[in-house]
Amino acid sequence: NAGVTQTPKFQVLKTGQSMTLQCAQDMNHNSMYWYRQDPGMGLRLIYYSASEGTTDKGEVPNGYNVSRLNKREFSLRLESAAPSQTSVYFCASTRGGDSSNEQFFGPGTRLTVL
Amino acid sequence: GQSLEQPSEVTAVEGAIVQINCTYQTSGFYGLSWYQQHDGGAPTFLSYNALDGLEETGRFSSFLSRSDSYGYLLLQELQMKDSASYFCAVRISGSARQLTFGSGTQLTVLP
């Protein structure tokens, strides 16, 4: 069981470039999330997917798009990167059902936009 | 929207007890979670309270008062490895179980 995996671990982009951050989980979880964390800050929700086939905006969705490719995979796309998007990006998942509240996090992608 | 307040830093010595407080303002409150994060790594789940009262898990306990919109994380018998950032997070009602996180409390444990 790898849990939640993210690729790449590090990325440097120039302003205006695009890229896709990949996330996959092997725990058969229903819900998946993308967060960003800026230095000294908490995690802010970008987008989430309650279940396969659905996605919704979180607190800070501007400049991002997502795709829930299947139950395992949830990708985050930056169409035209900006320096303000320099951050650490975490993907997370949770099983769902009222008994489960734990979110499992991936190791993060450290993105720098020049 | 939601807002959470927690202290930015706490320092304690090994073997001591420390309490990290969290106050929140939110609509549709469902529960309060706590996560630990070491050196910018992946956050890991510590506890969840949906009902008033104390939940104990080993050296860690978490408390919730829904009427006061307040909770805390209690760490006992502190160890050096407990030095980390601790985040409270509110879960609002909804099928996606999305969380809103506080800004985090950096705990430093001194020898």
Side-chain angles (χ1 to χ4, degrees), chain A residues 2-6 9-10 23 25 29-61 66 68 74 87-111, chain B residues 1-9 20 22-24 26-51 55 57 60 62 64 71 73 84-107:
Chain A
V4 180
T5 57
Q6 293 183 235
K9 287 187 169 51
F10 300 93
C23 173
Q25 51 88 12
H29 284 173
N30 291 310
S31 301
M32 298 184 72
Y33 313 86
W34 276 106
Y35 295 92
R36 62 176 288 174
Q37 185 177 32
D38 300 319
M41 302 282 288
L43 293 94
R44 291 185 292 169
L45 184 63
I46 305 171
Y47 270 93
Y48 63 95
S49 171
S51 60
E52 186 179 356
T54 69
T55 61
D56 283 287
K57 295 178 180 179
E59 181 186 353
V60 288
V66 291
R68 183 75 183 266
F74 189 37
S87 191
V88 181
Y89 291 83
F90 288 100
C91 177
S93 69
T94 191
R95 182 169 64 242
D98 283 339
S99 62
S100 171
N101 296 287
E102 178 178 358
Q103 289 191 10
F104 294 81
F105 284 81
T109 294
R110 282 141 184 85
L111 175 67
Chain B
Q2 296 86 39
S3 68
L4 296 93
E5 294 278 343
Q6 53 180 128
S8 59
E9 296 178 345
I20 300 173
C22 175
T23 57
Y24 59 87
T26 185
S27 55
F29 177 83
Y30 202 87
L32 185 70
S33 295
W34 289 92
Y35 284 79
Q36 180 191 59
Q37 185 182 38
H38 281 101
D39 297 327
T44 55
F45 174 82
L46 293 176
S47 67
Y48 175 73
N49 295 68
L51 303 175
E55 295 277 346
T57 309
F60 294 2
S62 58
L64 176 65
L73 180 69
S85 291
Y86 292 84
F87 296 89
C88 59
V90 294
R91 174 188 160 184
I92 60 173
S93 55
S95 63
R97 290 162 185 76
Q98 59 267 39
L99 299 175
T100 298
F101 283 80
S103 297
T105 299
Q106 177 66 48
L107 171 64

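Below, chain A is the first sequence line, B the second, and so on; all start at residue 1. Computed over heavy atoms, backbone and side chain alike; hydrogens, waters and symmetry mates excluded.
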**Request:** Determine whether A/Q25 and A/F74 make a side-chain contact, defined as any pair of heavy atoms from C-beta on separated by less than 4.5 Å.
**Result:** no

**Asked** Is the shortest heavy-atom distance from the side chain of B/C88 to the side chain of B/Q6 under 4.5 Å?
**Response** yes

**Message:** Run B/F45 and A/T94 through side chain to side chain contact (heavy atoms under 4.5 Å, CB included) and show every step you take.
**Reply:** CA-CA 11 Å; B/F45 174 82; A/T94 191; over 6 Å; no

**Message:** Ring-plane angle category for B/F101 and B/F87, please: parallel below 30°, perpendicular beyond 60°, tilted otherwise.
**Reply:** perpendicular

**Request:** Check whether B/L4 gets within reach of chain A through its side chain, its backbone, both or neither, counting any heavy atom under 4.5 Å.
**Result:** neither

**Prompt:** Is it the backbone or the side chain of B/Q37 that comes under 4.5 Å from a heavy atom of chain A, or both, or neither?
**Reply:** side chain

Picking from [options], which has the most non-hydrogen pairs under 4.5 angstrom with chain A?
| options | value |
| --- | --- |
| B/T44, B/L99, B/L46 | B/L99 |
| B/G31, B/A50, B/A42, B/S85 | B/A42 |
| B/P43, B/S103, B/G102 | B/P43 |
| B/G104, B/G41, B/A89 | B/G41 |

**Request:** Would you please test B/W34 and B/C22 for side chain to side chain contact (heavy atoms under 4.5 Å, CB included) and show each step?
**Result:** CA-CA 10 Å; B/W34 289 92; B/C22 175; 3.7 Å; yes

Between [X] and chain B, with a heavy-atom cut-off of 4.5 Å, which part of the residue counts as in contact: side chain, backbone, both or neither?
| X | result |
| --- | --- |
| A/Q6 | neither |
| A/R44 | neither |
| A/L45 | side chain |

**Item:** Check against side chain to side chain contact (heavy atoms under 4.5 Å, CB included), B/T100 and B/I92
**Value:** CA-CA 8 Å; B/T100 298; B/I92 60 173; 5.5 Å; no

**Asked** Can A/S87 and A/Y89 be said to form a side chain to side chain contact (heavy atoms under 4.5 Å, CB included), step by step?
**Response** CA-CA 6 Å; A/S87 191; A/Y89 291 83; 3.8 Å; yes

